[in-house]
Participant: 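What follows is a structure written as structure tokens; I'll ask about it next.
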Amino acid sequence: MKDTYLTIASATDEILFKEKNSKFFAYAFPIQSEDEVKSLIDPLRKKHHGAVHFCYAFQTGADKIQFRANDDGEPSNTAGAPIYGQIQSFGITNVLVVVVRFFGGVKLGVGGLIVAYRTAAQMALETAEIIEKTIDIHYLISFDYKNMNKVMRVIKEKNLNIIDQKMEMSCQIQITTRKKNAEMIFDIFSNLFEIDIKLLT
């Protein structure tokens, strides 16, 4: 079972690609969801307020892939699609690539645009540090305080990550584990007396 994916470690520096007086500024950002896209593009709109097109593509998810490609006024499939093609060819996810274009007065044509956007996106991703991450499953464990030792022993033995915990008379701990171990971890806690475990989505 594959439980890892590739993504970029951090946002890349600005890359500039020039073609027939047009300037293409490219950026890559790590993201977790589509909700982050607007907040990353808005500062670029301020920075490059004279630019005509802010084209982008993103992909999120490892099991359930979500993606979008946006041409932002360029002819259909000449900008977003070639940018997305580079995300695919690098085999990465949880990433947003934005290419900002300043028109230089010379039309590039459909073929020229595709090559320019693809090249700018490729140049940005070539500068990125690509890292491997695990696909993690989140569980919520609920139990009475008297069962604390039982729960903590399993967490320690199985090297589970604690994300959040609430320790009162009744306790709740949020843990994560690698996807390939998830079923085993669920079974261990399910079989413990007076301990409840449920999947968090």
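Residues take their numbers from the sequence shown, with the count starting at 1.
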Participant: Under a 4.5 Å cut-off applied to non-hydrogen side-chain atoms, are Leu16 and Lys23 in contact?
Facilitator: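 Of all side-chain heavy-atom pairs linking Lys23 with Leu16, at least one is under 4.5 Å.
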
Participant: Do Phe186 and Ile173 belong together in a cluster built from hydrophobic side chains that touch within less than 4.5 Å?
Facilitator: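 Yes, because Phe186 and Ile173 connect within a single hydrophobic cluster, where side-chain heavy atoms sit under 4.5 Å apart.
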
Participant: Is Asp3 salt-bridged to Arg178, cutoff N-O under 4.0 Å?
Facilitator: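 Counted as a salt bridge, because a side-chain N and a carboxylate O are separated by less than 4.0 Å.
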
Participant: Would you say the side chain of Ile131 lies within less than 4.5 Å of the side chain of Ile8, judging by non-hydrogen atoms?
Facilitator: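 A side-chain contact under 4.5 Å is absent here.
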
Participant: Using side-chain contact (heavy atoms from CB on, under 4.5 Å) as the criterion, point out the one residue from Ile175, Leu192, Asn149 that pairs with Val154.
Facilitator: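 The option that passes is Leu192.
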
Participant: Applying ring-ring contact (aromatic ring centres under 6.0 Å, His included) to Phe189 and Tyr139, what does each step give before you reach the verdict?
Facilitator: CA-CA 10 Å; Phe189 282 111; Tyr139 286 126; 8.1 Å; no

Participant: Please determine whether side-chain hydrogen bond (donor to acceptor under 3.5 Å, both in side chains) holds for the pair Glu36 and Gln32, giving the CA-CA distance in whole Å, both sets of side-chain angles, and the decisive distance to 0.1 Å.
Facilitator: CA-CA 8 Å; Glu36 297 167 63; Gln32 292 301 315; 6.0 Å; no

Participant: Could you tell me which non-hydrogen atom of Thr78 sits nearest to which non-hydrogen atom of Asp71, and how far apart they are?
Facilitator: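 It is N-OD1, 3.7 Å.
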
Participant: Which is it for Ile137 and Thr176 under the side-chain contact (heavy atoms from CB on, under 4.5 Å) test, yes or no, and what are the steps along the way?
Facilitator: CA-CA 5 Å; Ile137 303 294; Thr176 65; over 6 Å; no

Participant: Can you tell me how the ring of His48 sits relative to the ring of Phe25, calling it parallel under 30°, perpendicular over 60° and tilted otherwise?
Facilitator: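 Parallel.
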
Participant: Nearest 0.5 angstrom please: Ser190 OG to Lys198 NZ, how far?
Facilitator: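 It comes to 13.5 Å.
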
Participant: So, are Asp42 and Lys38 salt-bridged, with charged N and O less than 4.0 Å apart?
Facilitator: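 Counted as a salt bridge, because a side-chain N and a carboxylate O are separated by less than 4.0 Å.
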
Participant: Could you report the tightest heavy-atom contact between Ser22 and Gly104, atom names first, then the distance?
Facilitator: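 In this case the closest contact between Ser22 and Gly104 is OG-N, 3.1 Å.
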
Participant: Roughly how far, to the nearest 0.5 Å, is the OH atom of Tyr145 from the SG atom of Cys171?
Facilitator: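 Reported value, rounded in 0.5 Å steps: 7.0 Å.
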
Participant: If we only count heavy atoms from C-beta on, is the Tyr56 to Leu96 side-chain gap below 4.5 Å?
Facilitator: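 Side chain of Tyr56 against side chain of Leu96, heavy atoms only: contact under 4.5 Å found.
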
Participant: Any sub-3.5 Å donor-acceptor pair from Thr7's side-chain atoms to Thr93's backbone N or O?
Facilitator: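 Answer holds: yes.
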
Participant: Is there a side-chain contact between Phe102 and Val52 in this structure, where contact means two heavy atoms from C-beta onward sitting under 4.5 Å apart?
Facilitator: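 Sidechains of Val52 and Phe102: no contact.
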
Participant: Do you know the tightest heavy-atom contact between Ala26 and Val99?
Facilitator: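 Nearest heavy atoms, Ala26 then Val99: CB-CG2, 4.1 Å.
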
Participant: Walk me through whether Val95 and Phe29 qualify under side-chain contact (heavy atoms from CB on, under 4.5 Å).
Facilitator: CA-CA 6 Å; Val95 66; Phe29 303 95; over 6 Å; no

Participant: If I compare all heavy atoms of Leu199 with all of His138, which pair ends up nearest, and what's the gap?
Facilitator: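 Closest approach of Leu199 to His138: CD1-O, 3.5 Å.
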
Participant: Does any part of the side chain of Lys179, heavy atoms only, come nearer than 4.5 Å to the side chain of Thr134, both counted from C-beta?
Facilitator: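 No; the side chains remain at least 4.5 Å from each other.
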
Participant: Is there a path from Ile83 to Leu6 through hydrophobic residues (I, L, V, M, F, W, Y) whose side chains come within less than 4.5 Å of each other?
Facilitator: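 Yes; Leu6 is reachable from Ile83 via cluster members.
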
Participant: Which atoms form the tightest heavy-atom contact between Ile114 and Pro82, and what is the distance?
Facilitator: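 Reported closest heavy-atom pair: O-CB, 3.7 Å.
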
Participant: Give, for atom CD1 of Ile162 and atom NZ of Lys156, the distance between the pair rounded to the nearest 0.5 Å.
Facilitator: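 Separation between the atoms: 12.0 Å.
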
Participant: Grouping I, L, V, M, F, W and Y whenever their side-chain heavy atoms are under 4.5 Å apart, do Phe54 and Leu108 come out in a common cluster?
Facilitator: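 As far as the 4.5 Å side-chain criterion goes, Leu108 and Phe54 are not connected within one cluster.
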
Participant: When rounded to the nearest 0.5 angstrom, what is the spacing between CD in Glu126 and OG1 in Thr119?
Facilitator: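 Here the interatomic distance stands at 9.5 Å.
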
Participant: Where do Tyr84 and Gln59 land on the side-chain hydrogen bond (donor to acceptor under 3.5 Å, both in side chains) test, with the steps shown first?
Facilitator: CA-CA 8 Å; Tyr84 183 58; Gln59 177 168 299; 2.4 Å; yes

Participant: May I ask you to check whether over 12 heavy atoms, not counting those of Arg68, lie within 6.0 Å of atom CZ?
Facilitator: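 No, not enclosed.
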
Participant: With heavy-atom distances below 4.5 Å as the criterion, would you say the side chains of Asp164 and Leu140 are in contact?
Facilitator: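 No, side chains not in contact.
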
Participant: Nearest 0.5 Å, please: how far is OG1 in Thr177 from CD1 in Ile185?
Facilitator: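 Taking CD1 in Ile185 and OG1 in Thr177, the distance rounds to 4.5 Å.
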
Participant: Are a donor atom and an acceptor atom from the side chains of Tyr27 and Glu14 found within less than 3.5 Å of each other?
Facilitator: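 Short answer, yes.
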
Participant: Output, in order, the C-alpha distance, side-chain angles, deciding distance and verdict of side-chain contact (heavy atoms from CB on, under 4.5 Å) for Lys150 and Ile195.
Facilitator: CA-CA 9 Å; Lys150 265 197 285 192; Ile195 289 165; 4.3 Å; yes

Participant: Is the CZ atom of Phe67 crowded by more than 12 outside heavy atoms at less than 6.0 Å?
Facilitator: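 For Phe67, atom CZ is not crowded (no more than 12 foreign heavy atoms under 6.0 Å).
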
Participant: Does some side-chain heavy atom of Gln122 sit less than 4.5 Å from a side-chain heavy atom of Phe90?
Facilitator: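 Sidechains of Gln122 and Phe90: in contact.
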
Participant: Using the rule that Ile, Leu, Val, Met, Phe, Trp and Tyr join whenever any side-chain heavy atoms are under 4.5 Å apart, tell me whether Ile15 and Phe58 fall into a single cluster.
Facilitator: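 No, no single cluster joins them.
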
Participant: Report yes if the side chains of Lys107 and Leu113 come closer than 4.5 Å at any heavy-atom pair, otherwise no.
Facilitator: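 The answer is no; the side chains never approach within 4.5 Å.
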
Participant: Gln86 and Tyr117: side-chain donor and acceptor closer than 3.5 Å?
Facilitator: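 Result is no, nothing qualifies.
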
Participant: If you count every heavy atom of other residues, nucleotides or ligands that lies below 6.0 Å from Asp187 atom CG, does the total exceed 12?
Facilitator: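 Buried by this count: over 12 neighbours within 6.0 Å.
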
Participant: Please check if the side chain of Asn70 supplies one atom and the backbone of Asp72 the other of a donor-acceptor pair under 3.5 Å.
Facilitator: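 Present.
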
Participant: Under the criterion side-chain contact (heavy atoms from CB on, under 4.5 Å), I'd like the reasoning laid out for Met148 against Met167: C-alpha separation, chi angles, the key distance, then a yes or no.
Facilitator: CA-CA 9 Å; Met148 169 75 75; Met167 301 300 181; 3.1 Å; yes

Participant: Can you hop from Val97 to Phe17 via hydrophobic side chains spaced under 4.5 Å?
Facilitator: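 Yes; tracing contacts between hydrophobic side chains, which count when under 4.5 Å, links both residues.
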
Participant: I need the Glu183 CD to Ile188 CD1 distance, nearest 0.5 Å.
Facilitator: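 One gets 11.5 Å once the value is rounded to the nearest 0.5 Å.
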
Participant: May I ask you to decide whether Glu74 forms a salt bridge with Arg101, counting only side-chain N to carboxylate O separations under 4.0 Å?
Facilitator: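 Looking at Glu74 and Arg101, the cut-off is met.
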
Participant: Grab the two heavy atoms, one from Ala62 and one from Ile135, that are nearest each other, plus how far apart they are.
Facilitator: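 The answer is CB-CD1, 3.6 Å.
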
Participant: May I ask you to check whether over 12 heavy atoms, not counting those of Gln165, lie within 6.0 Å of atom CD?
Facilitator: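 Buried by this count: over 12 neighbours within 6.0 Å.
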
